[in-house]
Number of protein chains: 2
Amino acid sequence: MSDLLERLRGRGWRLTSQRRVVAEVLDGEHVHLTADEVHARAVDRLPEISRATVYNTLGEMVTLGEVLEVSTDGRAKRYDPNAHHAHQHLICSGCGAIRDVHPQGDPIAALPANERFGFVISGAEVTYRGLCPNCR
Amino acid sequence: MSDLLERLRGRGWRLTSQRRVVAEVLDGEHVHLTADEVHARAVDRLPEISRATVYNTLGEMVTLGEVLEVSTDGRAKRYDPNAHHAHQHLICSGCGAIRDVHPQGDPIAALPANERFGFVISGAEVTYRGLCPNCR
DNA sequence: TATTGACTTAGACAAAGTCCAAGATAGGAT
DNA sequence: ATCCTATCTTGGACTTTGTCTAAGTCAATA
């Protein structure tokens with residue numbers, strides 16, 4: 001069983017075939033899929049799995065902090081199973097390709113106290129935009 | 001006429017009443033409105049303006065670099081007329097409030113060459129998350 | 001293996017955004 | 001000043017993305 005499922009089971013999740021398949025799809029390809037892309041791949045393995053279940057399952061994984069939601073383009077959300085390794089994203093403005101990247105330093109440290117307006121900061125997401133070698 | 005409209009006119013835009021109203025709405029409130037919120041406010045001034053025109057107009061302003069699109073929560077895109085002053089966003093996880101913030105340093109400089117994968121980087125967006133004083 | 005609350009399903013619904021063909025109009029040409 | 005025409009706008013249908021509900025199913029415990 002994948003690490004992901006094992007962690008979820010440890011939190012009281014029922015281990016259903018549907019959840020297993022969603023986890024396998026996320027673990028299997030290290031790309032950033034949309035919910036409907038996850039559903040399409042899940043259907044290959046479990047033809048009767050419903051869209052609602054895929055949406056529910058992804059949402060729960062996000063709530064439990066096992067998967068990250070990435071809003072890349074204002075269209076469909078994408079799901080990133082790499083939640084336990086801090087990283088940011090680099091997106092090609094031409095073809096939409098996404099790479100995980102690791103900038104130096106902590107972006108939160110770059111925000112001075114007088115720019116925090118009394119907020120308690122919990123995180124920072126950095127999205128780099130550019131053109132990949134193919135689209136240049 | 002607003003600076004925004006003047007710049008757009010300089011680029012060959014026809015100055016229609018609809019575009020004037022959209023620009024006025026964006027200039028008038030320095031908040032980050034969704035397209036439908038812009039439409040609702042535009043209807044107050046020009047009752048027959050259509051949703052499609054508001055979407056078109058905002059999209060063109062974004063293409064021309066006069067307005068920024070901000071994907072805050074994976075739902076509706078928000079539009080930020082402050083495109084000519086570099087800034088980032090701080091979003092309250094509780095109530096969704098958005099503040100413009102100005103972190104120190106250039107986030108692009110934090111991405112080492114060996115993490116660029118041959119991309120030509122054109123920009124970086126930083127989204128800080130946290131809880132505002134009211135939601136704490 | 002019986003029970004039960006959690007899970008899944010299909011389909012309706014909602015929200016956000018795009019597309020199209022027909023009509024209107026800004027701004028240059030006359 | 002008026003005409004012309006490419007550009008712009010409109011309403012409505014359509015698509016995409018996501019949520020909700022009620023009824024049926026099943027994993028895990030006893």
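To find a chain, count down the sequence lines: A is the first, B the second, and so on, and within it residues start at 1.
- Between the P atom of D:dA27 and the CG atom of A:Leu5 lies a distance of 14 Å, rounded to the nearest Å.
- Nearest to the side-chain atoms of B:Thr57 among the listed nucleotides C:dT9, D:dT17, D:dT9 stands D:dT9.
- Cluster membership check: A:Tyr55 does not share its hydrophobic cluster with A:Val43, using side-chain heavy-atom separations under 4.5 Å among Ile, Leu, Val, Met, Phe, Trp and Tyr.
- Side-chain contact annotation: A:His87 with A:Asp80, donor-acceptor N/O pair under 3.5 Å present.
- One can place NE2 of A:His39 at 13 Å from C1' of C:dG11, the figure rounded to the nearest angstrom.
- A donor-acceptor pair under 3.5 Å links the side-chain atoms of A:Arg19 to the main chain of A:Arg14, judged by distance alone.
- A salt bridge links A:Arg129 with B:Glu125; the closest basic N to acidic carboxylate O contact falls under 4.0 Å.
- Rounded to an integer number of Å, the gap from CD of A:Glu69 to P of D:dT17 is 14 Å.
- The CD-C1' distance, from B:Gln18 to D:dT9, rounds to 6 Å in whole Å.
- Regarding B:Glu60, its CD atom lies at a distance of 16 Å from the P atom of C:dG17, rounded to whole Å.
- Contact record, A:Cys135 with A:Cys92: SG-SG, 3.7 Å, taken as the closest heavy-atom pair.
- Interatomic distance, B:Ile49 CD1 to B:Arg41 CZ, rounded to the nearest 0.5 Å: 13.5 Å.
- For B:Thr53, a side-chain nitrogen or oxygen approaches OP1 or OP2 of D:dT10 to under 4.0 Å.
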Checklist outcome for this item: Nucleotide by nucleotide, nucleotides 25-30 of chain C touches protein heavy atoms under 4.0 Å in the pattern (B base, S sugar-phosphate only, - none) BBS---
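- The CG-P distance, from A:Leu58 to D:dT17, rounds to 14 Å in whole Å.
- Salt bridge B:Arg78/B:Glu37: present, at least one basic N to carboxylate O contact under 4.0 Å.
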Sub-3.5 Å pairs of nitrogen or oxygen atoms, protein against nucleotides 18-23 of chain C:
none

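- By the 4.0 Å N-to-carboxylate-O rule, B:Arg99 lies too far from A:Glu115 to be salt-bridged with it.
- Atom NZ of A:Lys77 sits about 13.0 Å away from atom CG of A:Leu68, to the nearest 0.5 Å.
- With values rounded to the nearest 0.5 angstrom, B:Glu66 atom CD is found 10.0 Å from B:Leu5 atom CG.
- Defined by atom type and a distance below 3.5 Å, a donor-acceptor pair is present between the side-chain atoms of A:His85 and A:Asn82.
- Following rounding to the nearest Å, A:Leu8 (CG) and D:dA27 (P) show an atom-to-atom distance of 17 Å.
- Note on the helix from C:dT1-D:dA30 to C:dT30-D:dA1: angle between the axes of the first and last five pairs equals 30°, rounded to 10 degrees.
- The interatomic distance linking A:Leu46 (CG) with D:dT25 (P) rounds to 16 Å, in whole Å.
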